[in-house]
2 protein chains.
Amino acid sequence: MITVSILEDHAQYRNLLVRAIENNENFAIKGVYATVEEALLKIHIDKPDIALVDIKLNTQSGIEFVNQAKPSLSLTQFLMCTSYQNDENVFNALKAGASGYILKGSSMEEIHSAITELYEGGAPMSPYIAKRVIGLLNGKQSNQHTFGLSERELEVLSLLSKGLLYKEISVQLSISPNTVKNHCKNIYKRLHVQNKVEALNKFNHYGMTSSS
Amino acid sequence: MITVSILEDHAQYRNLLVRAIENNENFAIKGVYATVEEALLKIHIDKPDIALVDIKLNTQSGIEFVNQAKPSLSLTQFLMCTSYQNDENVFNALKAGASGYILKGSSMEEIHSAITELYEGGAPMSPYIAKRVIGLLNGKQSNQHTFGLSERELEVLSLLSKGLLYKEISVQLSISPNTVKNHCKNIYKRLHVQNKVEALNKFNHYGMTSSS
DNA sequence: TCTTGTGTAGTACTTTTGGGCTATTGTACG
DNA sequence: CGTACAATAGCCCAAAAGTACTACACAAGA
């Protein structure tokens with residue numbers, strides 16, 4: 001069962017999406033939001049597998065939403081809705097952390113398969129967008145150099161890099177905030193730095209995009 | 001007319017590809033190579049629009065070839081041939097500068113459309129590969145997008161990104177630590193974030209941390 | 001067996017951050 | 001001339017981060 005939340009301000013299309021999801025027994029609606037504010041509040045509780053987000057909302061951009069929601073929702077994947085196949089914004093959404101998109105004219109079957117594809121590790125997109133993504137990729141590298149950091153420490157560092165607080169990390173890892181603090185302390189010692197930003201800088205020098 | 005060169009060591013499949021290309025009046029064969037060495041010598045003269053390269057050659061990897069040939073062939077695009085849809089090597093080839101791939105089992109029509117798609121600016125690939133490419137992309141750079149930030153705020157952000165404390169920044173800029181704090185608050189407001197790391201993440205998503 | 005490293009958790013403390021204010025310049029724009 | 005905004009600077013306060021320790025359990029290795 002794949003749980004889905006929807007952020008769409010246009011009531012008609014929102015209902016259409018809801019029906020499209022409910023129509024299939026493999027999917028379940030986890031939350032329906034009409035505004036970014038509402039979505040930001042509720043999505044952390046709903047924790048859907050997939051968030052279906054309109055790219056062009058009245059008040060704010062869906063990209064903004066992804067930017068804000070993504071850091072603390074590591075398990076949720078974002079699927080954008082757009083009217084135009086090759087919208088510049090689709091590309092920006094992918095950079096913000098979305099993993100694919102569907103077109104507003106899509107049939108129910110197309111929506112279903114896009115969600116399933118995403119859930120199973122794919123990323124539905126047009127060749128045109130794919131090309132631009134590759135363009136960005138070229139000229140980059142991603143090594144793997146973990147210094148002497150332990151598994152757990154890398155995990156903490158990865159969460160730190162998302163801007164989470166100690167206590168937020170402690171919740172994610174189900175350990176005490178004190179332990180998180182301890183890990184940080186040890187990380188700083190090993191990297192010879194004094195704070196989060198320095199640690200992340202040093203570490204990111206050596207790649208790690210931490211697939212996750 | 002799209003010109004195509006082929007690098008494939010297996011004679012049978014090489015001939016099949018040649019026929020597939022010659023079969024369509026929109027394409028023309030520019031060169032056919034059986035080894036990486038031969039290809040490296042001749043492709044600089046042939047300068048095809050598209051180079052069709054087998055990923056798994058007997059002696060060397062097609063990826064190596066792309067790595068070596070690409071720098072001096074800015075107008076040529078590389079299309080890999082692979083046996084397996086989700087070959088790890090496809091991903092590496094994309095990182096090396098290839099723009100897409102075709103499967104060895106592909107029909108003539110599929111080959112034609114992949115080449116055309118590539119020539120017209122697309123990048124044929126599976127959703128699975130696309131997802132991995134996006135994965136690498138996230139957390140990386142490119143554009144110039146300063147949000148509404150002022151010159152001074154960008155300056156502060158740039159120093160923040162080095163891991164400096166408020167008071168260290170205040171010394172650098174010869175202003176009061178309180179003013180630095182104020183700038184930070186304003187930056188956070190504009191980026192809709194709550195702390196340094198989030199701000200830097202958000203900003204770096206959209207490129208540039210102020211070159212330096 | 002003893003030591004080392006890791007993950008866990010705690011106490012106590014200081015410094016740094018971040019949020020909410022107000023306020024004064026100076027400059028740009030209508 | 002007024003309005004808006006950027007840059008400056010201060011205040012207060014609470015939360016978060018960072019430092020310095022101790023402590024225990026467990027696993028791997030000398």
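Source: prediction; values computed, not measured. Each chain gets a letter, A, B and so on, in the order its sequence line appears, and its residues count up from 1.
In this structure, CG of N178(B) is placed 17 Å from P of dT24(C), rounded to the nearest angstrom. Atom-to-atom, NZ of K185(A) to P of dT22(D) comes out at 14 Å; the value is rounded to the nearest Å. We find that CG of L173(B) is positioned 10 Å from P of dA9(D), with the value rounded to whole Å. Rounded to whole Å, atom C1' of dA9(C) lies 13 Å from atom CZ of R152(A). If you measure from atom NE2 of H183(A) to atom C1' of dT6(C), you get 8 Å, rounded to the nearest angstrom. The CD1 atom of I187(A) sits 12 Å away from the P atom of dT19(D) (whole-angstrom rounding). Atoms NZ (K189(B)) and C1' (dG19(C)) sit 8 Å apart, rounded to a whole Å. Atom CD in Q194(A) sits roughly 15 Å away from atom C1' in dT14(C) (whole-Å rounding).
Looking at the side chain of Y188(B), the nearest of the listed nucleotides dA9(C), dA16(D), dG18(C) is dG18(C). Closest to the K167(A) side chain, of the nucleotides dG10(C), dA9(D), dA16(D), is dA16(D). Distances from the side chain of E153(A) to the nucleotides dG7(C), dA16(D), dA9(D) place dG7(C) closest.
A heavy-atom distance below 4.5 Å is found between the side chains of P48(B) and I43(B).
Phosphate contact (OP1/OP2 of dA15(D), side-chain N/O of Y166(A), threshold under 4.0 Å): absent.
For the pair K196(B) and Y166(B), the cation sits on the ring face: its NZ or CZ lies under 6.0 Å from the ring centre, inside 45° of the axis. Cation-pi geometry between K42(A) and Y33(A) is not met at under 6.0 angstrom from the ring centre and within 45 degrees of the axis.
In this structure, T179(B) reaches the bases: a heavy-atom distance under 4.0 Å links it to at least one base atom across the strands shown.
Mapping K181(A) and K181(B) onto DNA chain D via the closest heavy atom, the residue that lands nearer the 5' end is K181(B). If you find the closest nucleotide of DNA chain C to K196(B) and to N182(B), the one lying nearer the 5' end belongs to K196(B).
In the displayed structure, H112(A) atom NE2 is contacted under 6.0 Å by more than 12 heavy atoms of other residues, nucleotides or ligands.
Salt bridge absent: K162(A) and E168(A) never bring a charged side-chain N and a carboxylate O closer than 4.0 Å.
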